[in-house]
Amino acid sequence: MKSLKLPHTLHSSHGGKTLIPFPNRKLALSTGLFTRTITLFSPSILPCGHCDLKEARRMQFSMSSTSASIQPMNEELIGDKSKDLPVSGDSIRRRFLSFYASRGHKVLPSASLVPDDPTVLLTIAGMLQFKPIFLGKVPRQVPRATTAQRCIRTNDVENVGRTARHHTFFEMLGNFSFGDYFKKEAINWAWELSTIEFGLPANRLWISVYENDDEAFKIWHDEVGVPTERIKRMGEDDNFWTSGVTGPCGPCSEIYYDFHPERGILDTDLGDDTRFIEFYNLVFMQYNKKGDGSLEPLKQRNIDTGLGLERVARILQKVSSNYETDLIYPIIEKTSELANVLYALADDHIKMNLKIIGDHLRAIVYLISDGVFPSNIGRGYVVRRLIRRAVRTGRLLGIKGDGRGNLEGAFLPVIAEKVIELSTHIDVDVKDRSPRILEELKREELRFVQTLERGEKLLDEMLVDALSRAKENGTAPCLSGKDAFLLYDTYGFPVEITKEVAEERGASIDMNGFDIEMENQRRQSQAAHSAVKLDVGNGADLAENVADTEFLGYNSLYAKAVVESLLVNGSPVIQVSEGSNVEVLLNKTPFYAESGGQIGDNGFLYFNDGENQQKAVVEIKDVQKYFGNIYVHKGTIREGVLEVGREVEAAVDPKLRQRAKVHHTATHLLQAALKKVVGQETSQAGSLVAFDRLRFDFNFPRPLLDSELVEIEGLINSWIGASTILQTKVMLLADAKKAGAIAMFGEKYGEQVRVVEVPGVSMELCGGTHVSNTSEIRGFKIISEQGIASGIRRIEAVAGEAFIEYVNARDYHMKNLCTTLKVKAEDVTTRVENLLEELRMARNEVSTLRVKAAEYKASIIASNAFPVGASNKIRQVSASMLRWSRVLVECMDDTDADSLRSAAEYLVDALQDPAAVVLGSCPGEGKVSLVAAFTPGVVDLGIQAGKFIGPIAKLCGGGGGGRPNFAQAGGRKPENLSSALEKARSELVTILTEKAS
């Protein structure tokens, strides 16, 4: 391989910083089944001597194709040394961040996959955490930043495993400028990173620019030196970014890698996946799109870039797809081991299934680590869908059991262990959360497997029917929306899986019908999810014109403040009069705004009317925080008129604040007690700190035992009694984590954080209000413990004044109970148990009497049975004469369902074989009960009670079924019972007559 000598320093390109060149060298890269020895190509882009960077770049493109070619890989069966590779995925991430850090960028951590932005379900791009800055809603904290952001996208999940580049989970490396540098720097650095830092051959790189972006075109051509034939102008759909119908927007420029330069430059299509891969996208945010569609220059121009880690790893590691990089392939290798297949020898279909599991397990592990647990709504549904898709794919691969001898075990946790092993440089918290992740995966997989076989069998029957009907009618086979919803709702099949299976069999799904069924279900049960939205017409302007609110509430419940702005129905106003609801923005406040699970303070705003008399102006019922750190006080004008610019006296309700403080500190003690009693792996999954109670959601796979709840209460009350003084301090986030502070669920932290510590018990990152001494809590009592989702438990409890109120209320009710039962408190349980036993015996006696009454009625109506036909299939052993089938169809008034059943059993015995009995009743308002009982002789004729009773019950607005000889059904239209029984009578006569002939 030819190469040029790289100078030791290059001041013109690195501002005096020394460049460390890559010499030609051979490195071992593991791809799992064998280890490849690859020759890293030399950058081969800089001439020797002291020529400038522009000349060096020109020479990048003038070199012969021979010197810039990628050498073929030599494959040898040698040991795995991939962890030490400079070209590993981890090293690419590290080198990217270091590259931009050396150019003044602040390295920031990846945001959670659960974004703060309520408009998106999951973090889908590296820029998402900076969206408020780009939109002008919050001020920038640094002028430029760089991140390695974990992302999730499931909009094209059907392409996962089918293409070389589609993923649900991926890492986006990005550099960002917030009104600092712009196109020139962004383009030059992107090129420098690609060709010098990563050593990509310049003649393999193509550029796309927006069709009207002459500025970017000139930079790429005149400064960087990219030939015009390798710069493609593309339209708005491909190369113009917008944040919405209106708002910040701008042109894009992308860098593509060419896998097949030998195909030439004529008629090239950058969208050709077999030749090109886009790996670096630069967004130049320079315009504001107005309502009429026109563009105006932004006051602050921004840069937003994204480099796909998996894509660059594929290029540098010289493998055929992203899946074969060291970021994903070890997961595929583990899956291959469980499936007992060799990836290198597998056909394309098996490889696709292996890739699906390799991809999905990464997404699943990081989602669960970030607190997203399987459910049927929102983010939880994304996780559940991916888990179930992975389970079904594993079954298609023939994976049985956990690969460790347990054929009934779960295999996803085994593969997830490999994902967790690879997580060290992606998210350090994943390993700490691994017990919770693995337990959740195991539980969800085993639960799904229980219904999977039944669901698969039912789906197969549905598809056979759909294909059969389509063949008979000459139409395209289609599975009904109702059937697809049944599979989703009853058997846990995500509709996407049903769609995939149907397409494999050549059928489609009526998605409109499915959506109608889903909407009907939503109307019947409201999802426990809500999002708070501040509808401010000029939100960006408001954030620009109103400074952050100074919070004084840690040290004071009273403050004088100035009204900075007033909002009515989301719109700014100058003054507000008595009786109006209003949102008040102050320059400073003692009111705590809702965050960290703690609700906002209540209280009043006062002002002096000029006569030295205080008047209540606004009763504050809620306080929210928006646009970074602007406090919005929501309330009602009780007296007078409030104006912008007026000085007010802000006073927090001290009793309610104390209640909130007590419950917040008690929440910290509860989390500490849970970790001590049930295990350190438990962690917070949500909380509510209210005035009347606290609520704490946590990850745990089972209900807590009564003994555990008693122990938790005892621990907390002992800590309360210890009268421990709390300590609060502000420190760097990294230092707080090193000290062992626990982060609160769903909270986003800056570099400096507030740490609340109960010495020897608890240390948490928390911005909430707390008591100064644990003795202020007075007492703690758990009210309830229950499951709210798969693997999520909820404890509700009371403390402080709410605890006293709860105890007093319980004492009041207990005294009344003792008076009513005429026993002492300690004898209440025994007395209630005795009463329940007496009630049970009385109910049994009543039930027995009802059955006897029903059987008596049955004995009377037995004479109403009539013969139908003569069956030549049923003969008496003692005689050759034919026998008639006896039929009895009757209404038994208001007989209850159990008694109706007993009556039917009595009648089939009394009438003897062959006999068919159908009974109906109206046991209550709007209720119908039906029962069908057939003797063996009738069943032998091919008439089944379970199938017969269903259509009859439908006439009464219900349904049902059962065994061939006995079935029950119900309905809700008593007015149709008479006609339904008549229908049953006529059908039995017709069927028995036909069968007997």
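These values consider heavy atoms only, across backbone and side chains, with no hydrogens, waters or symmetry-generated copies.
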Handout entry: Lys/Arg-Asp/Glu bridge criterion (N-O < 4.0 Å) met for Lys431, Glu421
Key = no

Handout entry: Cationic N near anionic O, under 4.0 Å, Glu594 to Lys625
Key = no

Practice task
Could you tell me whether the side chain of Ile357 reaches within less than 4.5 Å of the side chain of Ile332, counting heavy atoms only?
Solution key: no

Exercise for the section: Would you indicate whether the side-chain heavy atoms of Gln624 and Ser595 approach each other to under 4.5 Å? Expected result: no

Handout entry: Flag side-chain contact, heavy atom, 4.5 Å: Cys766 against His668
Key = yes

Practice task
To the nearest 0.5 Å, tell me how far Leu732 CG sits from Lys738 NZ.
Solution key: 9.5 Å

Problem - Flag side-chain contact, heavy atom, 4.5 Å: Leu674 against Leu704 - result: yes

Practice task
Determine whether Arg794 and Glu785 make a side-chain contact, defined as any pair of heavy atoms from C-beta on separated by less than 4.5 Å.
Solution key: no

Practice task
Taking the side chain as every heavy atom from C-beta outward, state whether Leu367 and Phe169 have any pair of such atoms under 4.5 Å apart.
Solution key: no

Exercise for the section: Taking only Lys NZ, Arg NE, NH1 and NH2, and the carboxylate oxygens of Asp or Glu, determine whether Lys442 and Glu439 approach each other closer than 4.0 Å. Expected result: no

Exercise for the section: Please examine the side chains of Leu397 and Ile350, heavy atoms only from C-beta on, and report whether any two atoms are closer than 4.5 Å. Expected result: yes

Fill in the blank from the handout: Output for pair (Leu765 CG, Glu757 CD), nearest 0.5 Å, gives 11.5 Å

Handout entry: Sole residue of Leu715, Leu669, Val662, Leu694 in side chain to side chain contact (heavy atoms under 4.5 Å, CB included) with Phe780
Key = Leu694

Handout entry: Side chain Thr682, main chain Asn699, donor-acceptor under 3.5 Å
Key = no

Handout entry: Backbone of Ile782 reached by a side-chain donor or acceptor of Glu713 within 3.5 Å
Key = yes

Exercise for the section: Over all heavy atoms of both residues, which pair between Ala125 and Arg153 is shortest? Give the atoms and the distance, please. Expected result: CB-NH2, 4.1 Å

Exercise for the section: Salt-bridge test for Lys334 and Glu417: reply yes if a basic N is under 4.0 Å from a carboxylate O, no otherwise. Expected result: no

Handout entry: Donor-acceptor contact below 3.5 Å, side chain Thr335 vs main chain Ile331
Key = yes

Problem - Candidates Ile420, Ile152, Val419, Ile437 - the one meeting side chain to side chain contact (heavy atoms under 4.5 Å, CB included) with Tyr366 - result: Val419

Handout entry: Closest approach of Gln598 to Ala660 (non-hydrogen atoms, all atoms of both residues)
Key = NE2-CB, 3.8 Å

Practice task
Report the distance from atom CD1 of Ile720 to atom CG of Asn717, rounding to the nearest 0.5 Å.
Solution key: 4.5 Å

Exercise for the section: Verify, without hydrogens or angle tests, whether Asp359 (side chain) and Thr168 (backbone) share a donor-acceptor contact under 3.5 angstrom. Expected result: yes

Problem - Any donor-acceptor pair under 3.5 Å from Ser762 side chain to Val758 backbone - result: no

Completion exercise
Looking only at heavy atoms, the pair that brings Asp402 and Ala410 closest together is CB-O, 3.2 Å

Problem - Neighbour count above 12 (heavy atom, 6.0 Å) for Asp432 CG - result: yes

Completion exercise
Closest non-hydrogen contact found for Ala673 with Ile716 is CB-CG1, 3.9 Å

Handout entry: Tyr323 ring center near His167 ring center (under 6.0 Å)
Key = yes

Exercise for the section: Examine distances only and state if a side-chain atom of Gln752 and a backbone atom of Leu733 form a donor-acceptor pair shorter than 3.5 Å. Expected result: no

Exercise for the section: For the pair Thr325 and Arg314, evaluate side chain to side chain donor-acceptor pair (under 3.5 Å) and give the outcome as yes or no after the intermediate values. Expected result: CA-CA 6 Å; Thr325 67; Arg314 172 190 173 188; over 6 Å; no

Practice task
Check for a donor-acceptor pair, side chain of Ser98 on one end and backbone N or O of Arg94 on the other, with a separation under 3.5 Å.
Solution key: yes

Practice task
Check the pair Glu711, Lys676 against salt bridge (Lys or Arg N to Asp or Glu O under 4.0 Å), reporting the backbone distance first and the verdict last.
Solution key: CA-CA 10 Å; Glu711 187 177 355; Lys676 193 173 183 68; over 6 Å; no

Practice task
Measure from NZ or CZ of Lys781 to the centre of the six-membered ring of Tyr806 and say whether it is under 6.0 Å with the direction within 45° of the ring axis.
Solution key: no

Handout entry: Check ion pair Arg702-Glu708 (N to O, under 4.0 angstrom)
Key = yes

Practice task
With rounding to the nearest 0.5 Å, note down the distance linking OG in Ser784 to CG in Leu709.
Solution key: 10.0 Å

Exercise for the section: Keeping the roles fixed (side chain from Glu764, backbone from Val756), state whether a donor-acceptor pair exists under 3.5 Å. Expected result: no

Practice task
Give the minimum heavy-atom separation between Arg793 and Phe700, together with the two atoms involved.
Solution key: CG-O, 3.6 Å

Exercise for the section: Could you tell me whether the side chain of Arg93 reaches within less than 4.5 Å of the side chain of Glu171, counting heavy atoms only? Expected result: yes

Problem - Residues Gln317 and Asp326: side-chain donor-acceptor under 3.5 angstrom - result: yes

Practice task
Decide, yes or no, whether a salt bridge links Glu796 with Arg693 under the criterion of side-chain N to carboxylate O below 4.0 Å.
Solution key: yes

Handout entry: Pairing of Arg362 and Glu310 as salt bridge, 4.0 angstrom limit
Key = yes

Completion exercise
Distance col, row Ser375:OG vs Arg379:CZ, nearest 0.5 angstrom, shows 10.5 Å

Practice task
State whether the side chain of Asn353 and the backbone N or O of Thr393 hold a donor-acceptor pair below 3.5 Å, judged by distance alone.
Solution key: no

